[in-house]
Structure formats: structure tokens, C-alpha cells
Amino acid sequence: MNVREYLNKNNIQFTDSGSDLAMVCPFCEKTLVTGAGYATFNINQVTGQGTCYDCGKTAEFSEIIKKFGFQDEIGESEDGVVERATRSKTNKLSRNEPVETISFDNIERIRKVEKPDKEIGFDEWLKVINSNFPDLLFPAEVGLSIISQLLIKDITNPFALVLVDVPSAGKTITINFFAEVEGITYASDKFTPASFVSNATNVKKADLKNIDLLPRLRYKMFLLRDLSTLFSKRDDDLNECLGLLTRVLDGEGLNTDSGVHGQRQYVGEYLFMVLAGSTPIPPRVWKMMGSLGSRLFFLNIRSKDKSEIELADQLTTLAYKEKEKICRVATKGFIQTLWNKHKDGIDWDKIADKQEYKLIIGRSAKLLARLRGVINVWKDRSQDGEVYEHTVPVIEKPDRINQLFYNLCRGHALVCGRAQINQDDLKLIAELAIDSAPTIRAKLFRKLLDNGGEMKTDHVMAVLNCSRPTAHKEMEALKILGVCTITQESYGQVGEPEKTIYLADDLGWFLSDECKKIRGMSLPTTQHTLSDLL
């Protein structure tokens with residue numbers, strides 16, 4: 001007798017939730033305000049294990065049915081089949097009742113993958129990518145750090161990264177490195193967030209679970225070669241799509257209602273990772289994502305412009321597709337090697353990670369939270385002259401970013417063959433903390449760091465290629481978000497006085513030599529005095 005049949009036989013109410021069965025939690029008995037039962041407990045039909053996404057209780061099926069009052073004893077027959085005795089209506093154990101057998105197949109979070117023909121280590125993988133696509137080495141390394149998080153048992157938060165650059169910059173090539181790793185990655189060229197839990201009107205409700213995307217992504221990395229079509233939707237449609245995407249990136253499933261099929265839901269742990277590509281993100285999209293609490297991170301590839309000689313030489317060297325195939329084979333071999341090395345996953349010792357690195361992760365999370373805050377700034381006139389007015393800034397709490405950055409660092413450490421994070425892992429989050437902010441702010445912040453934490457209006461105008469009022473507006477936004485301070489100086493010129501922004505004191509670490517070293521920047525050479533040489 002399977003799980004569904006057992007629940008039906010004992011009149012325990014449940015609803016279908018994809019491949020799982022959802023019911024009122026027998027442990028916390030969650031109810032709505034109306035007093036009606038609320039299905040927060042999901043039972044996997046294959047393993048029989050259940051989890052409540054409200055109280056967090058996880059239990060085996062034997063404990064679940066015992067809680068319902070249908071079981072007193074669990075024995076084992078001679079042939080190894082688990083036998084369960086049931087209660088009679090008088091709540092006394094009746095051994096004359098038929099013995100019921102429930103069998104389960106084991107499904108593990110860590111997928112079994114075939115061994116590669118040749119094991120590939122991280123150093124060898126680096127050489128292959130660097131010799132074929134040196135400009136794509138860093139984004140590919142970040143991609144490995146994302147997919148490897150699936151091996152760390154305590155990670156339950158999806159990590160979604162979008163590679164951003166102009167067309168033909170290498171976004172799709174990088175994503176293709178990870179394609180065709182059976183059981184570990186899932187690729188799609190056309191995608192809508194509504195496909196996570198489908199409510200298609202031309203499909204029977206009983207058949208919808210066969211086309212739902214969410215269960216197919218569980219414990220895999222979702223490869224999306226082009227998200228530009230999603231970001232180019234009309235505002236209403238885009239807002240709905242981003243809302244759905246935000247919800248599933250919580251890793252807790254999705255609950256939808258429609259007029260045709262009613263309520264359809266997947267509740268429980270639905271962990272997956274995302275690696276996507278897109279052309280530069282329009283400002284309106286940044287604003288919408290900020291209002292919804294963006295779960296997406298962005299990395300600008302910043303591919304170099306090739307000279308005429310390089311373009312000419314490119315025609316006689318190995319074709320792009322051949323080089324891509326070499327990198328794809330190497331990446332697949334490395335992932336297979338990693339998965340076979342850690343077949344049972346990783347129990348990470350968080351206490352052993354150094355506090356100094358965790359503090360840097362926290363600083364980076366606070367920076368990104370401020371940089372992608374939502375605010376509208378406009379110029380107004382008052383009795384004192386022209387002033388800038390603004391809406392109340394919406395700045396997310398850095399807690400979620402902090403956890404996701406830590407997870408990414410652990411993923412990179414695992415890829416490098418380590419069980420603890422070190423300084424090498426921090427470069428990833430230092431770059432994402434800037435690139436995951438709206439494009440103009442990210443560009444301005446990078447230049448601010450390059451300029452020692454100080455920039456005047458004329459310099460901002462040159463960097464952003466904008467007018468003076470626009471430059472002042474962007475400078476004012478950074479001040480309101482707590483990224484910078486502003487001083488105003490007059491040089492007797494006609495028009496508005498010159499303004500200067502300075503990096504906020506509590507963000508001063510990003511100007512330090514330690515930060516520059518982590519980001520791979522060259523440090524200034526030390527000037528020796530005569531007394532030093534003597």
C-alpha cells in the first residue's frame with residue numbers, strides 16, 4: 001500500500017502538491033483566521049518523509065501516522081517488510097486488523113552521476129578555460145561556485161546569478177560550459193515564471209504536474225541563456241513575473257490560484273540554482289526588483305574590445321564552437337569528479353570559518369543593500385532656492401544577502417578543494433556586491449573607489465556622460481542611501497556650485513589595501529626614504 005492509499009484508507013484529508021501530498025500539519029495544526037485547516041505539511045509520496053513549512057517539523061512516515069493515532073507498533077516480518085498495526089475505532093490496538101505494508105524508494109538530494117572517463121581537478125579546469133576563453137574565466141568560476149552549493153547539506157537558499165553584457169560578449173558561451181551535465185543542470189531557451197507551477201487552461205488538472213517546471217528543477221542548476229525577453233515585458237506583466245520569480249527563489253515552493261484549476265501548490269524545500277544571461281538591465285527593471293526585494297545577483301562580464309589584429313587572428317585560430325566544446329567537456333568532467341568525491345554531500349563546519357572573513361561578507365552585504373535601495377529624487381524650489389526632495393528610501397535588510405554571499409564563498413572553497421573559506425573566496429562577493437546594484441550606481445561607485453573615495457561634479461558628469469543636474473541627482477541618491485556624504489563648494493562660477501561626494505566613513509574598508517588585494521587590484525608601491533635605506 002502506498003502513501004496515498006494509506007491516507008485515503010484512514011480518511012486523512014490531503015491535496016495534491018505536485019509530486020507531494022499536502023495536508024494540515026499533525027504537529028502544529030496550523031489554521032487560517034476563519035478556523036479552517038491550512039495545508040502546510042508536505043509528504044513525499046516516494047520517501048514518505050514529511051515537512052511543515054510553517055513550524056519546520058520534519059518526520060518519517062511512521063512518526064506521522066503515529067501522530068494521527070493510527071499506529072502503535074512497528075515490527076519487521078521475516079522477509080524484511082515493515083509491518084504497521086492499526087488502531088480500532090475504540091482507540092485500542094487491534095491485532096486482528098489486516099497488517100499494512102508501506103514501501104518507499106530512496107531519493108537523495110545529492111544526485112548520482114556517472115564517473116568521468118578522466119578525473120579533472122580544479123587547477124586543470126582553470127588551465128583549460130584560461131587557454132580558450134581567458135575573459136570568461138572569472139564568470140565561469142563563479143558559475144562553478146554556484147552549482148557546488150548543492151553539495152553543502154545545510155544550504156537551502158537558491159542562488160541566482162545573471163551574467164550581463166552587450167551581445168556577443170560571451171554570456172551564452174559561459175552558460176554552455178555547464179550544459180549537458182545529466183541530473184545536475186537543466187537548460188531552457190524559452191522561459192516564463194508562470195511555467196514553475198502551470199495553470200494552463202488547455203491541460204487537465206491531473207496532467208499539469210507533468211508539465212510543471214518547479215519539481216524538475218529541484219536540486220539542479222537552471223540554465224537560462226537569455227533573460228532579456230523577460231526584462232523587456234510591459235510593466236504590469238514584468239511586475240507579475242518578477243513577483244513569481246522572487247517567491248520561488250525563496251526555495252520554499254510556490255502556491256497559485258486560478259479560476260480554471262483552483263489552487264495548485266508545491267510546498268517544502270525546492271532548492272535550485274540559476275545561471276542566466278542578459279543584455280544590460282533597463283533602469284525601470286532595477287526599480288521594480290528593488291521594490292520586490294530582489295533575489296537576483298548580477299555580474300558584468302566586461303569583455304575586452306578586440307583590436308583589428310586580434311579580430312583578424314581570430315579567423316585563423318580554432319573556431320569558437322570547438323573551443324566551447326573543449327571547455328564544456330572539461331566542466332562536465334570536473335562536476336562529475338566533484339560529485340563522485342562527495343557522494344554523501346558536505347557537513348560544513350561553520351564555526352571553523354574565520355570571523356574576519358565573515359565580517360567582510362557582512363560589510364559586502366550591507367554595501368549591496370544600500371546600493372540597490374529604491375528611491376526617487378527630484379529637484380524642487382523653496383524660499384532658500386533649489387533643493388532636492390526624495391521619497392522615503394526602501395533599503396532591504398542585509399540578512400538574506402549576507403547568507404547568500406556566505407553560501408557562495410563556501411561553494412568556491414569546495415570547488416578549490418577546501419572545507420573552510422579563505423581570502424581567495426571573497427573576491428566573488430566583492431565584485432557581486434557592486435555589480436548587483438543598478439548600473440549607474442555600480443559604475444559611479446567603482447569610479448569612486450578608483451578615485452580614492454572622492455569625486456567632484458565634473459568628474460561624475462564625465463563618468464556617467466550626463467548633464468550637471470543628472471549628476472547632482474545621482475550624487476544626492478548615494479547620499480540618501482548612506483553610501484556617500486556631500487559637501488558643496490562655490491568657485492564664483494555662473495550656475496550651480498561644484499559639489500563633492502565622499503565615501504561614507506563606515507564603508508571606508510572598501511578603500512583599504514586589504515580590499516584591493518581581495519579584488520585583485522595592484523597596490524601602490526612603497527616609497528622608501530633615505531632613513532629606510534640606511
Side-chain angles (χ1 to χ4, degrees), residues 125 128-129 132-150 158-196 198 211-214 216-233 237-238 241-242 244-246 248-249 272-282 285-286 289 294-303 319-332 334-335 408 411 428 432 435-436 439:
W125 178 84
V128 172
I129 305 300
N132 289 282
F133 296 101
D135 291 345
L136 304 182
L137 179 60
F138 183 66
E141 191 173 340
V142 178
L144 274 185
S145 305
I146 294 172
I147 196 171
S148 63
Q149 293 178 44
L150 294 169
F159 195 103
L161 177 69
V162 182
L163 303 177
V164 181
D165 210 333
V166 295
S168 300
K171 304 180 297 294
T172 303
I173 293 175
T174 306
I175 294 170
N176 285 344
F177 293 167
F178 299 88
E180 299 177 4
V181 186
E182 188 176 352
I184 307 297
T185 62
Y186 184 100
S188 177
D189 292 321
K190 186 177 180 181
F191 157 78
T192 60
S195 60
F196 280 117
S198 178
I211 63 173
D212 288 336
L213 178 61
L214 193 55
R216 282 181 279 156
L217 296 180
R218 206 173 194 181
Y219 304 133
K220 295 180 183 179
M221 182 156 82
F222 190 18
L223 305 176
L224 289 164
R225 295 182 177 90
D226 188 9
L227 268 184
S228 304
T229 52
L230 174 66
F231 295 143
S232 62
K233 287 181 178 290
D237 295 333
L238 177 62
C241 289
L242 290 177
L244 283 171
L245 195 57
T246 297
V248 296
L249 287 177
F272 65 99
M273 305 296 166
V274 178
L275 182 63
S278 175
T279 50
I281 313 297
V285 178
W286 285 110
M289 287 192 297
S294 176
R295 307 292 191 275
L296 297 175
F297 293 93
F298 298 85
L299 179 65
N300 196 320
I301 294 181
R302 285 184 285 275
S303 56
Y320 261 69
K321 280 299 174 185
E322 288 299 318
K323 294 197 292 183
E324 180 188 307
K325 184 178 179 181
I326 293 171
C327 294
R328 186 183 296 200
V329 170
T331 304
K332 180 178 180 179
F334 176 76
I335 292 173
L408 184 65
L428 281 66
L432 291 189
D435 280 356
S436 297
T439 310

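A quick note: this is a predicted structure, and the numbers were derived from the prediction, not measured.
Side-chain contact between Val329 and Val128 is absent, with no heavy atoms from C-beta onward closer than 4.5 Å. Two residues are said to be in side-chain contact when any heavy atoms from C-beta on lie closer than 4.5 Å; Ile184 and Ile335 meet this criterion. A heavy-atom distance below 4.5 Å is not found between the side chains of Arg295 and Pro158. No side-chain heavy atom of Leu144 sits less than 4.5 Å from a side-chain heavy atom of Glu141. For the pair Leu223/Ser188, no side-chain contact is recorded, criterion being any heavy-atom separation below 4.5 Å from C-beta on. Contact annotation: the side chain of Val248 never approaches that of Pro193 to less than 4.5 Å [non-hydrogen atoms, C-beta and beyond].
Scanning for ring pair (Phe, Tyr, Trp, His ring centres under 6.0 Å) contacts around Phe191 gives Phe196, Phe222, with sequence neighbours left out. Applying the side chain to side chain donor-acceptor pair (under 3.5 Å) rule to Thr192 yields no partners; only residues at least two apart in sequence or on another chain are considered. Among residues two or more places apart in sequence or in another chain, the salt bridge (charged side-chain N to carboxylate O under 4.0 Å, His left out) test is passed with Arg328 by Glu180, Glu324. Residues forming a side chain to side chain donor-acceptor pair (under 3.5 Å) with Thr331 (at least two apart in sequence, or on another chain): Trp125. Under the rule for a ring pair (Phe, Tyr, Trp, His ring centres under 6.0 Å), Phe178 has no partner lying at least two apart in sequence or in another chain. In this view, Arg302 and Glu431, Asp435 satisfy the salt bridge (charged side-chain N to carboxylate O under 4.0 Å, His left out) rule, not counting sequence neighbours.
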Where do Val142 and Leu161 land on the side-chain contact (heavy atoms from CB on, under 4.5 Å) test, with the steps shown first?
-> CA-CA 9 Å; Val142 178; Leu161 177 69; 3.5 Å; yes

Apply side-chain contact (heavy atoms from CB on, under 4.5 Å) to the pair Phe272 and Met221, showing each step before the final yes or no.
-> CA-CA 6 Å; Phe272 65 99; Met221 182 156 82; over 6 Å; no

Step-by-step side-chain contact (heavy atoms from CB on, under 4.5 Å) determination, Val162 to Leu299 | CA-CA 6 Å; Val162 182; Leu299 179 65; over 6 Å; no

Evaluate the criterion side-chain contact (heavy atoms from CB on, under 4.5 Å) for residue pair Trp286 and Phe298; output intermediate values, then yes/no.
-> CA-CA 11 Å; Trp286 285 110; Phe298 298 85; 3.5 Å; yes

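The shortest heavy-atom contact between Leu150 and Tyr219 is CD1-O, 3.7 Å. Closest of all the heavy-atom pairs between Leu227 and Ala276 is CD1-CB, 3.7 Å. The two residues Leu275 and Gly143 come nearest to each other via the heavy atoms CD2-CA, 4.5 Å. Summarising the geometry of Leu230 relative to Cys241, their closest heavy-atom pair is CD1-CB, 3.4 Å, with the distance given to 0.1 Å. Scanning all heavy atoms of the two residues, the minimum distance from Val285 to Leu238 falls at CG2-CD2, 3.8 Å.
Atoms CE and OG, on Met273 and Ser148 in that order, are 8.5 Å from each other to the nearest 0.5 Å. With rounding to the nearest 0.5 Å, the separation of NZ in Lys220 from CD1 in Ile147 is 11.0 Å. The CZ atom of Phe231 lies 6.0 Å from the CG atom of Leu296; values are rounded to the nearest 0.5 Å. Summarising the geometry, atom CZ belonging to Phe138 is positioned 14.5 Å from atom CD1 belonging to Ile129; distances are rounded to the nearest 0.5 Å. Expressed to the nearest 0.5 Å, how far CG of Asn176 lies from SG of Cys327 amounts to 11.0 Å. Rounded to the nearest 0.5 Å, atoms CG (Leu163) and OG (Ser278) are 10.0 Å apart.
Formation of a donor-acceptor pair under 3.5 Å by the Asn132 side chain with backbone atoms of Ile326 is not found in this model. With Lys171 contributing its side chain and Val166 its backbone, the two residues share a donor-acceptor pair below 3.5 Å. Without hydrogens or angle criteria, Ser228 side chain to Thr279 main chain gives a donor-acceptor distance under 3.5 Å. Formation of a donor-acceptor pair under 3.5 Å by the Asp212 side chain with backbone atoms of Leu214 is not found in this model.
Here the rule is side chain to side chain donor-acceptor pair (under 3.5 Å) with Arg225, and of Thr174, Asp189, Thr172 only Asp189 fits it.
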